Amino acid sequence: SHAHLNIENGAAKGNSAVHYFVAFVSGYMTAINISHEREKNVFSGMTRIDAANWVASWCRSNPNSGLAKALENLAESRSK
């Protein structure tokens, strides 16, 4: 089903697909931080909701690319 992400008071609202999406993005953030060679939180200052919103926005702007590319771009944008 389609995940229609709404953010209210800093929390994700929506159907189960929204919550799976936020959990997936959160897991990706954790994996990147664990595998990152430097002792640095790549996503410092960014909540999992911020990250999910960033990814959703990127996907809307780049509809011909997939979720993996969006996550890659998120990590690259934060690693600089």
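It should be emphasised that the depicted structure is a prediction, and the values quoted were computed from it without experimental measurement.
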> Under a single-linkage definition using a 4.5 Å side-chain heavy-atom cutoff for Ile, Leu, Val, Met, Phe, Trp and Tyr, are Leu67 and Tyr20 assigned to the same hydrophobic cluster?
Replying inline: no

> Taking atom types as modelled, is there a side-chain donor on Asp50 or Thr47 under 3.5 Å from an acceptor on the other?
Replying inline: yes

>> Looking at every heavy atom in both Val42 and Ala75, which two are closest together, and how far apart are they?
In response: CG1-O, 4.1 Å

> Sub-3.5 Å donor-acceptor pair from the side chain of Arg78 to the main-chain atoms of Ser44, do we have one?
Replying inline: yes

> After noting the C-alpha distance and the side-chain angles of Val55 and Tyr28, does the key distance pass the side-chain contact (heavy atoms from CB on, under 4.5 Å) rule?
Replying inline: CA-CA 11 Å; Val55 169; Tyr28 179 84; over 6 Å; no

>> Working to the nearest 0.5 angstrom, can you tell me the gap between Arg48 CZ and Thr30 OG1?
In response: 10.0 Å

> How far does CG of Asn53 sit from CE of Met46, to the nearest 0.5 angstrom?
Replying inline: 8.5 Å

> How many angstroms lie between atom CE of Met29 and atom CG of Leu74, to the nearest 0.5 angstrom?
Replying inline: 7.0 Å

> When you look at Lys69 and Asn62, which way does the side-chain contact (heavy atoms from CB on, under 4.5 Å) test go after all the steps?
Replying inline: CA-CA 10 Å; Lys69 190 67 175 170; Asn62 300 277; over 6 Å; no

>> Ignoring hydrogens, what is the shortest heavy-atom contact between His19 and Ala12? Give both atom names and the distance.
In response: CE1-O, 3.5 Å

>> To the closest 0.5 Å, what do you measure between CG (Asn73) and CH2 (Trp58)?
In response: 5.0 Å

>> Working to the nearest 0.5 angstrom, can you tell me the gap between Ser16 OG and Phe21 CZ?
In response: 14.0 Å

